[in-house]
Amino acid sequence: MSAALEIRITLAGAERVVAGGTTAGEALAADGRTVIAAKINGEPRDLATLVADGDIVEPIAIDSEEGRAILRHSTAHVMAQAVQEIFPGARLGIGPPVENGFYYDFDVEQPFTPDDLKRVEKRMREIVKQGQTFARRAVSDEAAREELAAEPYKLELIGLKGGADAEESVEVGGGQLTIYDNLDPKSGELCWKDLCRGPHLPSTRGIPAFKLMRSGGAYWRGSEKNPQLQRIYGTAWESRDKQDEYLKRLEEAEKRDHRKLGAELDLFSFPTELGSGLAVFHPKGGVIRRIMEDYSRRRHEEAGYSFVNTPHITKENLYQISGHLDWYADGMFPPMELEGARYYLKPMNCPMHNLIFRSRGRSYRELPLRLFEFGTVYRYEKSGVVHGLTRVRGMTQDDAHIYCTRDQMRDELKSLLRFVLALLRDYGLDDFYLELSTKDPVKFVGTDEDWEEATETLREVAESERLELVLDPGGAAFYGPKISVQARDAIGRTWQMSTIQLDFNLPERFELEFQGADGSRQRPVMIHRALFGSIERFFGVLVEHYAGAFPPWLAPVQVIGIPISEAHVSYLGDVAKKLRERGIRVEVDSSDDRMQKKIRNAQKAKVPFMLLAGDEDIAAGAVSFRYRSGEQKNGVPVEQAIAEIVDAVERRVQV
RNA sequence: GCCGACGUAGCUCAAUCGGCAGAGCAACGGUCUUGUAAACCGUAGGUCAGGGGUUCGAUUCCCCUCGUCGGCUCCA
């Protein structure tokens, strides 16, 4: 370290000269509350870091993404300290910041109870109030091992540090190990310490708002072969307001939960008699599903798809040919033995579509051949992962397989991606990004050249759509790379929707061939593609996206007639008849509830249009609209009202 | 599959420290005939998820199974 009296640094783009021994915090005139750390030469560092000649120093604000990560990481430390004080036997795992919060893993005798979390949170508040300082200290590997002798998981991390596949973590980086000491601000006494790369807030007092959220089991280093630790999740924010906003968002998401809305709106249920992950759709959900499917069918027809149907069960040989039994047997329902053969419920449609392809000789003139099916598949999802409609054991995929030549592949993929995005937009999703999943270096079949070509083609096609493209290295299925379309919903959550996968492998395994113009036999390329993914899942996503308030074209009941009194029922009956003739799903509430109650019921059912009629409307040959917003429009001539409704349905707009 | 919590009427939720299970909404029957989010009265509804155990007695305590929820792992 140079003992220069003056050093030159670059601060906010401008050169400055400071005295030797100046810290980044001093140089930035940071208060430790709004500016909580510094970026020195692009690396996040503590404010207490001494700046050196030539350093480029920038502030990290607590309300920046990086700043919040530091805040959350420091909060994780406070939590770990509190946990170890209350549960002295608790051994430390890892404790990184994550999106919207942080967690820390602990090896404890007993899993945490909600009551334990309260105690930990209480102790954390005391630590925050006390204002313990975070002090960084470099240690040698040997010294760290000695200091952390009682922390077996930390020792393991130290051991990993130098390894060939050195993973970056918040505990250990590639180089020098550091330990952060939490010191009493008055006495300077050591309160707690943790192996950590940092940086940290200067003081625990700089944590403006935090809350412990939940606890649960988590495998050490993410592998189910390892022991299970207990993880506590928390959140922390730069202000109380920001935290309240976040908690509000969570509440809002909860209100949209499709499982809750599905029951409330009488759309679907999971009868326990059927078994976990098997849904039944009630009439109201059934209508929505039918409309979704009908519209999709129509669009596929227009786009040149052929419709096929295949059974739900097959002899095992098919999945031996396809290779699914090699890779996914664990995820399939166990076989049924009959007549000396083993039958499996189908987990994938593609092998059956391949059989259709090869049922006779194929000509290049037939390509691209696009086979489409609403194919129901069954997968044995592990009991802990089944989740509403988004993770089920029986589902219907809107599955298509496109067989084409290598020359056609690029254009076919381009138009396919455009088709997929257009259709998703019609269902009301319009904020997308694409994800390109590439070869898993371990789990793959086929040649590197094929993968290379397929991946590059997909990349090119994805880029041609000018949507944000995120890479997912190693995320592909064993038989080929894929593009997935991720959609952001009404409250900004992202859902994986459509997938488009290139496959050079299955055509090989099924020995698919077509005859080219020159008479030679050639192998087609296969494109797998599910647009909704599964209808069930897509249905669930739409419920959440619309918070149950479907646009008129999808709404199970589009119009409900509400008579002011019983005398007006038949008039509304006539209006309803006219609407029905125009294909509108309409009901008249002729129950003996009062009008106000009927409005309340229709409102709760999220019916897009309420048509009220009383003496005044009847005299004018009119009806009065009430919309979901509560807004009303009185005395609308019947024909005009019908036109408005039909128009909204036909244009598939939200109202 | 693993860790944890939970399961009371169709729904939301009470109560019973082991002693005949209770309310609102919904349903059904009646009265009322109404102008933009809940009229009034009444009736019915439960093997307290299922099975086993402990006990004079179990919805309550214990065990198993099923299911749900929150995590982890997995997701063709």
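What's counted below: heavy atoms across the whole structure, side chains too, no hydrogens, waters or symmetry copies. Remember, it's a predicted structure, so these values are computed and weren't measured experimentally. All chains are named by letter (A, B, ...) in the order of the sequence lines, taking the proteins before the strands, and each is independently numbered beginning at 1.
- Remark: A/Arg231 is not in phosphate contact with B/G71, judged by side-chain N or O atoms under 4.0 Å from OP1 or OP2.
- If you check every strand for non-hydrogen atoms under 4.0 Å, A/Phe478 touches nothing.
- Phosphate contact (OP1/OP2 of B/G70, side-chain N/O of A/Arg259, threshold under 4.0 Å): present.
- Between A/Glu511 and A/Arg523 there is no salt bridge, since none of the side-chain N atoms of the basic residue sits less than 4.0 Å from a carboxylate O of the acidic one.
- When ring centroids are compared, A/Phe210 and A/Phe102 stay outside the 6.0 Å threshold.
- Nearest to the side chain of A/Pro347, among B/C72, B/U36, B/A76, sits B/A76.
- Remark: the A/Arg594 side chain and the B/A37 base include no donor-acceptor N/O pair separated by less than 3.5 Å.
- If you take CZ of A/Arg391 and P of B/G71, they are 14 Å apart, rounded to a whole angstrom.
- Within the nucleic acid shown, A/Gln596 comes within 4.0 Å of sugar-phosphate atoms alone, with no base atom in reach, counting heavy atoms only.
- Within 4.0 Å of A/Glu616, counting heavy atoms only, lies at least one base atom of the nucleic acid.
- With no hydrogens or angles considered, a side-chain donor-acceptor pair links A/Tyr403 and A/Asn354 at under 3.5 Å.
- A distance of about 23 Å separates the P atoms of B/G46 and B/U16, rounded to the whole Å.
- If you check every strand for non-hydrogen atoms under 4.0 Å, A/Ser276 touches sugar and phosphate atoms only.
- Between A/Ser215 and B/G4 there is no side-chain polar atom (N or O) within less than 4.0 angstrom of OP1 or OP2.
- For A/Thr272, whose side chain is taken as the heavy atoms from C-beta onward, the closest listed nucleotide among B/G67, B/U36, B/G71 is B/G67.
- Residue A/Lys633 has no polar side-chain atom (N or O) positioned under 4.0 Å from OP1 or OP2 of B/G35.
- At the phosphate of B/C74, neither OP1 nor OP2 sits under 4.0 Å from any side-chain N or O atom of A/Tyr380.
- Rounded to whole Å, the separation between the P atoms of B/A39 and B/U33 comes to 15 Å.
- Across all strands shown, A/Gly222 has heavy atoms under 4.0 Å from sugar-phosphate atoms exclusively, and none from any base.
- Between the side chains of A/Asn100 and A/Thr235, no donor N or O sits under 3.5 Å from an acceptor N or O.
- Relative to the side chain of A/Tyr328, the nucleotides B/G35, B/A76, B/U68 differ in distance, and B/A76 lies closest.
- Rounded to the nearest Å, the gap between the C1' atom of B/U8 and that of B/G67 is 15 Å.
- In this structure, the nucleotide among B/C32, B/C72, B/G70 sitting nearest to the side chain of A/Asp592 is B/C32.
- Residues A/Gln486 and A/Ser484 have side chains that bring a donor and an acceptor to within less than 3.5 angstrom of each other.
- Residue contacts shown for A/Gln501 are limited to sugar-phosphate atoms, with no base heavy atom under 4.0 Å away.
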